[in-house]
There are 2 protein chains.
Amino acid sequence: MLKISELAAKTGLSAHTIRFYEKHGLISASERSEAGYRYYNDADIRRAEFVKTARNIGFSLEDISQLLSIRVDKTSHSCQEVTDITQHKLDEVNAKIAELESMQHTLSILLESCCGGPEKATHCSIMEALEAGDVKKSRSAA
Amino acid sequence: MLKISELAAKTGLSAHTIRFYEKHGLISASERSEAGYRYYNDADIRRAEFVKTARNIGFSLEDISQLLSIRVDKTSHSCQEVTDITQHKLDEVNAKIAELESMQHTLSILLESCCGGPEKATHCSIMEALEAGDVKKSRSAA
DNA sequence: GTTGACCTTAGAGTAGACTCTAAGCTTATA
DNA sequence: TATAAGCTTAGAGTCTACTCTAAGGTCAAC
Ligand SMILES: [Zn+2]
Ligand SMILES: [Zn+2]
Ligand SMILES: [Zn+2]
Ligand SMILES: [Zn+2]
């Protein structure tokens, strides 16, 4: 049985974050001391580590929440449900990468066009490009 | 002279967003009607379009704020200042891409390992990988 | 028996970029 | 003239994932 700071040390999450996750239903302590201290048993610890692993991959807390509900009753859920969550996340990641690569491309072109020196910015081709508006849009919603 | 909704139509920003940008010093209307309506002249419109172009590229409002202060007095600023902002943004974008590609990689491997079918998730290799924790960390701080 | 580290809670604050609301003028159209 | 569309403001709400604070109780060591 670990106390919260011990679970924190073990998982690399902060005690604050562990309480925050508890408030959002991701983690819980099966026992409390008389004084109200949280005590985590082996199953709790494994669950916390599952959460940490999923978070490290990049899953949102909402995704993790869904993965956890599959985890507690695997016989009621299918591989497909798991791949759906994973695929959806991958789609998101791919969309974000595409957006960032577009920015990367635009920024690189801008940088190439500018001398980057100590001259007055009156002739700066980056500023000119921004004024002219002839750059493609990288950002979509939010 | 355009009213706010006309500037909105012209730039593709919403009137709300235009007021929000004004509150943050990015855009302003040189004139107001007696009733307090904002009126935008050509210089205002060009400034708004500059902001919109920079935002489309992916610059933060803080970056745009700096670019604008260069823009209003180009002789007091150098090309280097402009490239510094641009390079800094590019570095950020590259870091984010690296992080996302790491996620992409992990997610792809997970997806390959799972049958994705209607079977019970009891044998799911994605779940197993998450339990085992043997996936590399993609996410860094915030 | 007291210091100090650790624990509890509810709730506020942070970041970034909006997005919306309420309450009330103004202006254009029918 | 009445209705609707459009404008004003301050300020609150949204989203995600924390991060921190205040005020106080608990526990082990010296
Ligand atoms: Zn130059
Ligand atoms: Zn330049
Ligand atoms: Zn399967
Ligand atoms: Zn599977």
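In what follows, every chain begins at residue 1, and chains take the letters A, B, ... in the order their sequences are listed.
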Would you mind telling me which residue lines up with the more 5' stretch of DNA chain C, Lys3(B) or Lys3(A), judged by nearest nucleotide?
-> Lys3(A)
Side-chain N or O of Arg32(B) closer than 4.0 Å to phosphate OP1/OP2 of dT9(D) = yes
Hey, is the side chain of Ser33(A) poking within less than 4.0 Å of OP1 or OP2 on dT26(D), counting only N and O atoms?
-> no
Between dC7(D) atom P and Tyr37(B) atom OH, what is the distance in whole Å?
-> 7 Å
Give a yes/no on whether any side-chain N or O of Arg55(B) is located under 4.0 angstrom from OP1 or OP2 of dG16(C).
-> no
Within this structure, what is the CD-to-P distance between Glu22(A) and dT9(C), rounded to whole angstrom?
-> 7 Å
Verify the contact: side-chain N or O of Ser14(B) to OP1 or OP2 of dC18(C), cut-off strictly under 4.0 Å; return yes or no.
-> no
Toward the 5' end of DNA chain D, which comes first, Ile4(B) or Lys23(B), by nearest nucleotide?
-> Ile4(B)
Identify, between Ser60(A) and Ala15(B), the residue whose nearest nucleotide on DNA chain D lies closer to the 5' end.
-> Ala15(B)
Pair Thr53(A)-Asn56(A), side-chain donor/acceptor within less than 3.5 Å = no
Does the side chain of Arg38(A) get closer than 4.0 angstrom to OP1 or OP2 of dT9(C) through an N or O atom?
-> yes
Could you tell me whether the side chains of Ser65(B) and Asp63(B) share a donor-acceptor contact shorter than 3.5 Å?
-> no
State yes or no: do Tyr39(B) and Ile18(B) share one hydrophobic cluster built from I, L, V, M, F, W and Y residues joined by side-chain heavy-atom distances below 4.5 Å, directly or via other members?
-> no
Would you say a side-chain N or O of Tyr21(A) is under 4.0 Å from OP1 or OP2 of dC18(D)?
-> yes
Using a distance-only test with no angle check, is there a side-chain donor-acceptor pair under 3.5 angstrom linking Asp84(B) and Thr86(B)?
-> no
